[in-house]
Amino acid sequence: MAVTDLLRKDIMIMDLKSTDKQSVIEEMINNLHKYRVINDVDTFKEAILNREAQSSTGLGDGIAMPHAKTSSVNEPAVLFAKSSQGIDYDSLDGQPAHLFFMIAVPDGNNDTHLQTLASLSKLLMEPTFVEKLNAASTPEDVQQLFLNEAEENTPKEEIQKDNFQNDSNERPFVVAVTACPTGIAHTFMAEDALKKQAKKMNIDIKVETNGSDGAKNKLTSDDIKRANAVIVAASKKVEMERFNGKHVIERPVSDGIKKTEELLTKAINQDAPVYQGSSSSSKSENEENQSTSVWGKIYKDLMNGISHMLPFVIGGGIIMAISFLFESVLGSESEIFSFLNDLGGSAFNFLIPILAGYIAMSIADRPGLMPGMVAGLLAFNSDAGFIGGLVGGFLAGYIVVGLKYVFKGLPRSLDGLKPILLYPVFGLFFTGLFMYFIIGPIFSGLNGLMVDFLQGLGTGNAVILGALLGGMMAIDMGGPFNKAAYTFSIGIFTSTGDGSLMAAVMAGGMVPPLAIAVATTLFKNKFDEAERKSGVTNYVMGLSFITEGAIPFAAADPLRVIGSSVIGAAIAGGLTQFWNSAIPAPHGGIFVIPLAEGPLFFLLSLIIGTIITAIILGFWRKPVTK
């Protein structure tokens with residue numbers, strides 16, 4: 001199949017009328033529908049926008065390649081369009097886009113056209129070819145350009161051999177994997193960019209592409225073993241266990257297109273962490289899909305809200321904590337205290353709206369953002385608290401999903417009204433209706449009961465709760481249990497201003513990496529050289545409250561590392577409550593301890609938990625055999 005078979009003259013738009021990203025997408029989609037390339041505007045548009053939500057298809061250098069693979073496509077086609085004035089397309093380089101290639105790919109088993117699309121993607125990496133496209137004034141000129149290039153191009157197999165010299169032992173050798181969510185364009189553009197840059201830098205390279213038609217040029221175990229390092233330029237999941245023990249650079253696929261020199265330099269210098277996988281603990285693909293079909297989606301949506309909320313939590317919380325330090329020295333009338341307290345408090349006021357808004361956006365894309373944020377604000381104003389906002393975010397998201405289904409049958413002429421009128425108005429109305437009359441009152445009462453219960457806890461019960469939260473921080477070290485304990489403590493902190501439980505989770509989260517660092521120092525014969533070197537970095541990560549520093553050790557030896565970590569973290573969390581220690585900041589580790597209530601007792605709790613875990617781990621592990 002030739003490029004010109006897909007790049008049809010009759011559907012080209014040589015002078016786009018649109019002036020913004022949303023309208024240019026709609027203009028191109030309407031043209032595809034007009035010429036019967038697609039049979040359902042809504043379905044295809046949703047697929048295009050879902051791809052844009054993952055990362056912009058504005059590649060930079062004035063080019064954009066929106067694309068989708070869906071059952072609404074009747075036959076594969078590429079729509080070429082030009083804009084003389086340029087359009088702000090959220091491109092990677094921040095510059096306006098002038099050339100557009102909207103790729104429509106049907107679902108199905110016949111993926112022979114994907115090689116043609118890969119060739120198209122690679123042609124657009126050539127500056128001289130792009131200049132000629134910008135100068136083209138008619139559809140015939142555009143097609144002739146591609147015909148001329150097709151005659152001059154070397155076959156794909158020869159290109160691969162030219163860039164991958166198996167018998168060269170003098171030049172550095174790097175392997176790479178490229179993949180994008182749809183596997184149509186970016187995958188092959190990153191492949192081509194890496195090969196060209198490697199040739200300039202005198203580096204041998206082999207690139208595996210994880211495209212829509214499966215993995216091509218697949219890396220062998222010998223390739224991986226021989227390579228200096230591995231580059232994974234991917235925006236979707238790829239097979240990683242095979243890279244266990246190698247230096248692996250993980251970046252989004254867009255970096256594989258635009259930051260090739262940086263990636264290859266890091267690869268030949270082995271300036272990347274060693275990947276620590278664990279085949280014994282990994283699930284099969286089917287098992288993973290089954291276990292994450294429902295709860296995995298909920299967890300992903302929740303984490304989207306939390307990840308966007310955390311900067312407000314950390315920035316606002318630490319600024320507020322510093323303000324209390326000035327208050328204790330200068331008094332509550334101090335202007336410095338007032339400024340810092342108001343600044344941190346202003347950031348804190350956004351927590352629940354941001355959480356709810358980005359949960360809703362994860363569920364329903366951009367139409368869910370506004371009703372989600374309003375749901376969070378209503379929860380905040382009604383004292384429904386963190387949990388009320390969380391529920392409101394899911395409610396708003398699924399209301400908008402329902403509206404998309406309800407309005408699906410509207411005439412195509414009303415498509416433009418959906419995102420700018422129908423979704424915002426009806427989404428806000430129904431979300432507000434539920435929040436104002438049901439969710440707000442219910443969770444306001446529950447939030448009050450929970451706060452009263454926690455404030456009425458005796459020392460014994462408080463110690464048990466602190467131990468539970470501390471232990472949860474170490475169970476999966478950044479996973480669902482860890483995030484559940486952390487978000488619960490943030491909810492209490494934002495509702496009451498009491499940092500007692502923040503002290504418990506912070507101590508529990510600091511113990512695993514600190515204990516591993518101590519164990520690798522005291523029990524050198526129980527760890528190999530690479531582990532001892534990694535152990536040193538865990539001092540810094542542990543003191544900074546970055547629990548994830550322990551993950552490589554937990555992946556390699558889950559029973560001993562996690563088992564010992566949970567014991568020490570639970571003890572540390574419980575001791576913070578026994579000694580009434582509290583930290584009025586949601587993050588910061590060692591750097592916010594001076595702001596704590598009972599800082600010496602917090603440090604003592606942390607040291608005791610760390611030493612206990614380090615000793616258990618040190619005695620539990622077997623000596624390393626040379």
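Computed from a prediction, not measured in an experiment: that's the story for all the values here. The first residue in the sequence is number 1, and the count goes up from there.
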Could you tell me which residues satisfy salt bridge (charged side-chain N to carboxylate O under 4.0 Å, His left out) with Asp90, sequence neighbours excluded, listed by chain and number? Lys21

Any residue meeting salt bridge (charged side-chain N to carboxylate O under 4.0 Å, His left out) with Asp271, in chain and number order, not counting sequence neighbours: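 Listed in chain order: Lys266.
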
Return yes if some donor-acceptor pair links the side-chain N/O of [X] with the main-chain N/O of [Y] below 3.5 Å, else return no.
X      : Y      : value
Glu27  : Ser18  : yes
Asn269 : Thr265 : yes
Thr260 : Gly256 : no
Asp20  : Gln22  : yes
Asn228 : Phe173 : yes

Can you list every salt bridge (Lys or Arg N to Asp or Glu O under 4.0 Å) pair that touches residues 77-87, not counting sequence neighbours?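 Every candidate salt bridge (Lys or Arg N to Asp or Glu O under 4.0 Å) pair involving residues 77-87 fails, so no pair, neighbours aside, qualifies.
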
Per the salt bridge (Lys or Arg N to Asp or Glu O under 4.0 Å) rule, what does the pair list look like for residues 35-44, sequence neighbours excluded? Asp42-Lys418

Look at [X] together with [Y] and state whether they make a salt bridge at an N to O cut-off of under 4.0 Å.
X      : Y      : result
Lys9   : Asp141 : no
Glu239 : Lys218 : yes
Lys225 : Asp223 : no

Looking at Asp15 and Ser84, what are the two nearest heavy atoms and their distance? OD1-OG, 4.2 Å

Heavy-atom closest pair, residues Thr57 and Tyr89: OG1-CE2, 3.6 Å

Could you list the donor-acceptor pairs under 3.5 angstrom formed between side-chain atoms of residues 358-367 and any protein atom two or more places apart in sequence or on another chain?
from, atom 1, to, atom 2, distance (Å)
Ser362, OG, Lys300, NZ, 3.2
Ser362, OG, Asp301, OD1, 2.5

Can you check salt bridge (Lys or Arg N to Asp or Glu O under 4.0 Å) on Glu262 and Arg251, steps first, answer last? CA-CA 11 Å; Glu262 175 190 337; Arg251 293 288 188 86; 2.5 Å; yes

Is any side-chain heavy atom of [X] closer than 4.5 Å to a side-chain heavy atom of [Y]?
X      : Y      : result
Val37  : Asn31  : no
Pro106 : Lys69  : no
Phe394 : Ile298 : yes
Leu133 : Phe101 : yes

Among Glu241, Lys246, His247, find the one that has a side chain to side chain contact (heavy atoms under 4.5 Å, CB included) with Tyr275. Glu241

Any chance you could lay out the ring pair (Phe, Tyr, Trp, His ring centres under 6.0 Å) test for Phe146 and Phe129, step after step, and finish with the verdict? CA-CA 9 Å; Phe146 281 94; Phe129 182 71; 5.0 Å; yes

From NZ (Lys132) to CG (Asn148), nearest 0.5 Å: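 Atom-to-atom, Lys132:NZ and Asn148:CG are 7.5 Å apart.
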
dist Phe434:CZ -> Ile399:CD1 (nearest 0.5 Å) comes out at 5.5 Å

Go through the steps for Glu52 and Lys45 under the test salt bridge (Lys or Arg N to Asp or Glu O under 4.0 Å), then give the verdict. CA-CA 10 Å; Glu52 292 295 327; Lys45 181 179 176 182; over 6 Å; no

Please list, chain by chain and in numerical order, all residues satisfying ring-ring contact (aromatic ring centres under 6.0 Å, His included) with Phe350, sequence neighbours excluded.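 Applying ring-ring contact (aromatic ring centres under 6.0 Å, His included) to Phe350 gives Phe312.
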
Qualifying residue for salt bridge (Lys or Arg N to Asp or Glu O under 4.0 Å) with Asp204, from Arg226, Lys195, Lys199, Arg171: Arg171

